[in-house]
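As structure tokens, the structure follows; a few thoughts come after it.
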Amino acid sequence: MQHAVGAPLPPHQPGQGPAAGWSPAGQYPGQQGPAPAPGFAGAPVPPGAPPAQAPQHHLPPHQMPPQPPRHPSAAPPGHPTVQHPQHPSAQPPPHPPVPPAPETTGHVQLPPGVSVTMPTPPHATGAPDPAATTLAVLLIGPAGAGKTSVAKYWADHRRVPTAHISLDDVREWVRSGFADPQSGWNDHSEAQYRLARRTCGFAARNFLANGISCILDDAVFPDRPVVGLGGWKRHVGPGLLPVVLLPGLEVVLERNAERSGNRRLSDEEVARIHGRMAGWYGSGLPIIDNSQLDVAATAHVLDEVLARAIASPPQW
């Protein structure tokens with residue numbers, strides 16, 4: 001039977017050729033049939049007929065291809081899937097919205113800085129160990145007394161975290177418009193001094209609130225209560241432990257001569273400041289004469305003084 005070129009073929013009728021799914025390999029085992037032409041999809045399937053099944057070849061279990069996992073409720077192959085209506089109460093609860101991932105450097109909540117209280121004396125019979133106690137110390141002394149050197153050494157060699165805060169360093173944060181005290185003490189220089197002291201007190205309170213001890217140094221004059229020890233007590237708290245370093249005048253002049261920049265004062269100014277510092281004698285504050293002591297030895301004496309201050313807090 002011939003058909004026009006390009007016309008569709010009639011549906012398959014019994015007796016007019018091989019049935020769907022026929023393959024030469026099924027009729028002649030062991031022989032390879034010719035490869036199908038490109039684009040050949042197999043024999044046409046009559047309308048309404050079920051799809052042809054590929055020939056089944058029985059293979060040993062170890063040669064069987066792996067089967068994809070099937071859900072327990074899924075229907076077997078060749079069977080229609082039956083959808084069962086679910087009761088509204090059987091619906092899974094909606095998932096809560098996922099919060100955004102925190103940033104790599106997120107906000108860390110720190111305890112607020114509060115007024116520093118006096119350290120509690122230990123209940124043990126032995127002497128307190130100031131190297132293992134959280135403290136707030138104010139090191140007082142004239143220019144050239146070694147306050148900064150001793151404070152740094154003491155902070156470096158403690159067994160608990162300790163910060164050193166120098167009022168002179170904080171004052172010099174002001175670059176343009178810095179009121180140098182060497183040019184004279186006036187309202188401008190006093191305002192910057194007060195601001196620096198308040199900044200030091202704020203830093204000390206925050207350090208101590210987070211378990212970090214502090215040692216501050218400043219040339220506090222006993223005859224200037226307004227800008228003296230009372231201001232430090234207001235900004236840090238009653239737990240501040242003041243200690244005075246007061247070597248001899250000759251030692252102070254020698255150390256001042258080794259300074260440079262605006263930290264170096266004239267000999268006349270050094271002598272005047274040293275004379276005013278002598279007013280601390282009789283004040284009740286502990287005084288260390290470090291004229292014959294190096295930095296390490298002075299720091300050791302400072303620990304002894306602080307141990308006595310912790311055991312019997314001073315009244316100032």
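Scope of the values below: all heavy atoms of this structure, side chains included, with no hydrogens, waters or symmetry mates.
Side-chain atoms of His164 and Asp217 form a donor-acceptor pair, as typed in the model, at a separation below 3.5 Å. Between Tyr153 and Asp294, the side chains place no donor N or O within less than 3.5 Å of an acceptor N or O (distance only, hydrogens not considered). Side chains of Ser291 and Asp289: a donor on one and an acceptor on the other come within 3.5 Å.
Under the 4.5 Å side-chain criterion, counting only non-hydrogen atoms from C-beta, Leu139 is in contact with Val150. When side chains are defined from C-beta on, Lys147 does not count as touching Ser166, because their heavy atoms never get closer than 4.5 Å. Within the 4.5 Å cutoff, side-chain heavy atoms of Glu190 are placed close to those of Arg194. At a threshold of 4.5 Å between non-hydrogen side-chain atoms, the residues Trp232 and Leu167 count as touching. Here the side chains of Trp173 and Thr199 are in contact, with some heavy-atom distance below 4.5 Å. A 4.5 Å side-chain heavy-atom check between Tyr193 and Asp218 finds at least one atom pair inside the cut-off. Side-chain contact between Leu302 and Ile215 is present, with at least one heavy-atom pair separated by less than 4.5 Å. Using a 4.5 Å heavy-atom threshold, the side chains of Val243 and Leu138 count as separate.
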List the steps, then state whether side chain to side chain contact (heavy atoms under 4.5 Å, CB included) holds for Trp280 with Leu246.
CA-CA 9 Å; Trp280 287 117; Leu246 192 56; 5.6 Å; no
Going through the checks in order, is the salt bridge (Lys or Arg N to Asp or Glu O under 4.0 Å) test met by Glu268 and Arg272?
CA-CA 6 Å; Glu268 293 77 10; Arg272 185 181 66 84; over 6 Å; no
Given Ile288 and Val305, is the side chain to side chain contact (heavy atoms under 4.5 Å, CB included) satisfied, shown in steps?
CA-CA 9 Å; Ile288 300 175; Val305 170; 4.1 Å; yes
Checking His300 against Leu293 for the side chain to side chain contact (heavy atoms under 4.5 Å, CB included) test, could you report, in this order, the C-alpha distance in whole Å, the side-chain angles of both residues, the deciding distance, and whether it holds?
CA-CA 10 Å; His300 177 71; Leu293 302 176; over 6 Å; no
Determine, stepwise, if the pair Leu245 / Ile140 fulfils side chain to side chain contact (heavy atoms under 4.5 Å, CB included).
CA-CA 6 Å; Leu245 287 185; Ile140 302 172; over 6 Å; no
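The local environment of CD in Glu304 is crowded, with over 12 non-hydrogen atoms from other residues, nucleotides or ligands closer than 6.0 Å. Enclosure of atom CG in Asp187 is not indicated, since only 12 or fewer non-hydrogen atoms of other residues, nucleotides or ligands lie within 6.0 angstrom.
Of all non-hydrogen atoms in Ala143 and Val252, the two that sit nearest each other are O-CG1, 2.9 Å. Nearest heavy atoms, His274 versus Pro142: CD2-CG, 4.1 Å. Listed here is the closest heavy atom pair of Ser189 and Ala179: CA-CB, 3.5 Å. Closest heavy-atom contact between Val236 and Ala136: CG1-CB, 4.4 Å. A pairwise comparison of heavy atoms in Gln192 and Gly177 identifies NE2-O, 2.9 Å as the closest pair.
Residue Phe178 shares its hydrophobic cluster (ILVMFWY side chains chained together at separations under 4.5 Å) with Val174. Under a 4.5 Å side-chain heavy-atom criterion applied to ILVMFWY residues, the cluster that includes Leu195 comprises that residue alone.
Residues Leu229 and Ile287 are members of one and the same hydrophobic cluster, defined by side-chain heavy-atom contacts under 4.5 angstrom among Ile, Leu, Val, Met, Phe, Trp and Tyr. Linking Ile, Leu, Val, Met, Phe, Trp and Tyr whenever their side-chain heavy atoms come within less than 4.5 Å puts Tyr281 and Leu249 in one cluster. There is no path of hydrophobic side-chain contacts, each under 4.5 Å, that joins Val137 to Val160. If you chain together hydrophobic residues whose side chains sit under 4.5 Å apart, Val270 and Val251 never meet in one group.
Note: Ile212 CD1 to Thr134 OG1 = 9.5 Å, rounded to the nearest 0.5 Å. For the atom pair Arg197 CZ and Arg171 CZ, the distance stands at 12.5 Å (nearest 0.5 Å). Taking CG from Asn256 and CG from Leu265, the interatomic distance works out to 5.0 Å, rounded to the nearest 0.5 Å.
Proximity of a side-chain donor or acceptor of Ser312 to a complementary backbone N or O of Ala309 within less than 3.5 Å is not detected. A donor-acceptor contact shorter than 3.5 Å is absent between the side chain of Asp169 and the backbone of Ile165. Side chain of Arg205 to backbone of His235: a donor-acceptor contact under 3.5 angstrom is found.
Considering Thr162, Leu208, Leu241 as possible partners of Leu135, the one that fulfils the side-chain contact (heavy atoms from CB on, under 4.5 Å) test is Leu241.
Take Glu172 and apply the salt bridge (Lys or Arg N to Asp or Glu O under 4.0 Å) test, not counting sequence neighbours, and it matches Arg263. Residues meeting the salt bridge (Lys or Arg N to Asp or Glu O under 4.0 Å) test with Asp180, sequence neighbours left out: none. By the ring-ring contact (aromatic ring centres under 6.0 Å, His included) test, Phe207 pairs with no residue at all, sequence neighbours left out.
Every pair passing salt bridge (Lys or Arg N to Asp or Glu O under 4.0 Å) that includes a residue from residues 274-284 is listed here, sequence neighbours excluded: Asp223-Arg276.
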